[in-house]
Asks: 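Encoded as structure tokens, here's the structure I'll be asking about.
Since this is a predicted model, take the numbers as computed values, not measurements.
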Amino acid sequence: RQVTVQRKEKDFQGMLEYHKEDEALLIRNLVTELKPQTLAGTVPCLPAYILYMCIRHADYVNDDLKVHSLLTSTINGIKKVLKKHNDDFEMTTFWLSNTCRLLHCLKQYSGDEGFMTRNTAKQNEHCLKNFDLTEYRQVLSDLSIQIYQQLIKIAEGVLQPMIVSAMLENESIQGLCGVKPTGYRKRSSSMADGENSYCLEAIIRQMNCFHTVMCDQGLDPEITLQVFKQLFYMITAVTLNNLLLRKDVCSWSTGMQLRYNISQLEEWLRGKNLHQSGAVQTMEPLIQAAQLLQLKKKTPEDAEAICSLCTSLSTQQIVKILNLYTPLNEFEERVTVSFIRKIQAQLQERNDPQQLLLDYKHMFPVLFPFNPSSLTMDSIHIPACLNLEFLNEV
Amino acid sequence: VAPRPRPRVLLKAPTLAEMEEMTTSEEEESP
């Protein structure tokens with residue numbers, strides 16, 4: 001008996017066979033009803049590998065209708081589950097990760113030499129034999145973009161209510177509250193001091209949470225980088241837009257607090273090895289706005305310094321911040337009209353955009369670089385918890 | 001000389017939007 005089992009394992013060629021009438025059950029157990037937690041501790045993107053092994057068998061027996069049907073049902077199943085869980089970050093990450101992995105598998109095993117450079121000889125044996133699935137790869141790529149957009153929307157929805165209070169209103173630097181501009185009531189975007197008031201720690205905790213989920217679900221690191229670049233852009237845009245509209249936060253002390261908050265975020269990025277994501281660059285206008293609040297604003301040399309420093313802010317934004325700037329106390333002077341005119345004259349030649357506010361809904365285009373897997377199909381084990389006993393290993 | 005592999009047959013796929021339309025009309029048809 002033992003010999004039989006060993007022989008069976010040895011003969012497994014990394015394909016999975018099923019009867020056509022079991023396709024709906026396969027999609028239900030592996031896609032629409034599957035909870036990501038069920039697969040904790042298993043190979044990341046296991047559903048994608050299982051689906052590829054099923055496609056490969058249909059290809060092996062030259063059954064084009066079965067390939068068509070399975071891919072269509074898979075894509076529709078993924079769309080259905082995403083629609084049902086459209087505010088679930090973990091579920092959306094799970095399917096982004098799996099959709100991209102299936103896309104990578106269809107490239108890695110396409111037989112196209114350009115995608116086979118890192119394959120082992122064994123992996124080359126697992127390539128498709130009969131069908132070219134280029135058009136389905138395009139559909140999976142389009143689906144990945146849709147899932148990515150859903151993921152960003154969920155993350156932004158969680159972060160957005162925290163941004164203004166955490167970045168502009170919360171005072172974590174000790175002693176800074178004594179040097180706030182006087183004469184303004186404490187204003188909050190979210191009811192003063194209420195339960196909707198957040199500190200920067202809350203944003204960082206939430207980022208940690210997103211990062212852990214993306215790592216656990218085996219999301220391609222290049223995609224994780226793009227997610228954080230997008231989120232940091234949104235934090236920058238919402239913060240800067242508020243700064244440009246609120247006199248009470250245009251002060252030296254807010255500039256100081258803001259610069260401290262940004263440095264905390266930069267430190268977090270470095271700690272997670274995300275500093276090459278371009279996230280810090282998206283914060284540049286905010287970094288400059290914080291510095292502008294702290295710079296001296298009196299002499300021609302000060303004007304020169306402001307103009308050479310604030311290259312990521314438009315003339316309109318610089319002038320607006322200077323106009324809104326509120327002295328801390330009676331010893332600090334307001335920014336004079338002549339100083340602002342001097343700045344405007346110096347920046348005249350810049351071809352700046354006319355709009356004052358940043359488009360906080362702007363999305364950077366996403367890329368899904370090819371990321372082949374070192375796993376071989378015949379090494380993949382299907383756990384019993386998936387209830388896929390009807391799949392035959394071939 | 002190893003035999004040249006047979007060229008693979010391109011499987012035509014509907015676009016994502018077309019798939020969406022197909023499933024919507026199927027759902028509408030079913031009671």
Asks: Short of 3.5 Å, which donor-acceptor contacts do chain A and chain B share? List atoms and distances.
Replies:
{"unit_1": "A/Lys79", "atom_1": "NZ", "unit_2": "B/Glu20", "atom_2": "OE1", "d": "2.9"}
{"unit_1": "A/Ser110", "atom_1": "O", "unit_2": "B/Arg8", "atom_2": "NE", "d": "3.2"}
{"unit_1": "A/Leu128", "atom_1": "O", "unit_2": "B/Arg8", "atom_2": "NE", "d": "2.8"}
{"unit_1": "A/Leu128", "atom_1": "O", "unit_2": "B/Arg8", "atom_2": "NH2", "d": "2.9"}
{"unit_1": "A/Asn130", "atom_1": "O", "unit_2": "B/Val9", "atom_2": "N", "d": "2.7"}
{"unit_1": "A/Asn130", "atom_1": "OD1", "unit_2": "B/Arg6", "atom_2": "NH2", "d": "2.6"}
{"unit_1": "A/Asp132", "atom_1": "N", "unit_2": "B/Val9", "atom_2": "O", "d": "2.7"}
{"unit_1": "A/Asp132", "atom_1": "O", "unit_2": "B/Leu11", "atom_2": "N", "d": "3.0"}
{"unit_1": "A/Glu135", "atom_1": "OE1", "unit_2": "B/Ala13", "atom_2": "N", "d": "2.7"}
{"unit_1": "A/Glu135", "atom_1": "OE2", "unit_2": "B/Lys12", "atom_2": "NZ", "d": "2.9"}

Asks: Should the heavy atoms of other residues, nucleotides or ligands under 6.0 Å from OH of A/Tyr360 be counted, would the total exceed 12?
Replies: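 No, the 6.0 Å shell around OH holds no more than 12 heavy atoms from other groups.
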
Asks: With sequence neighbours excluded, tell me which residues meet ring-ring contact (aromatic ring centres under 6.0 Å, His included) with A/Phe210.
Replies: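 By the ring-ring contact (aromatic ring centres under 6.0 Å, His included) rule, A/Phe210 matches A/Phe89.
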
Asks: So which heavy atom on B/Pro14 is nearest to which on A/Val139, and how close?
Replies: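 Closest pair (atom of B/Pro14, atom of A/Val139, distance): O-CG2, 3.2 Å.
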
Asks: With only heavy atoms counted, which part of A/Ile75 is less than 4.5 Å from chain B, the side chain, the backbone, both or neither?
Replies: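 The answer is the side chain of A/Ile75.
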
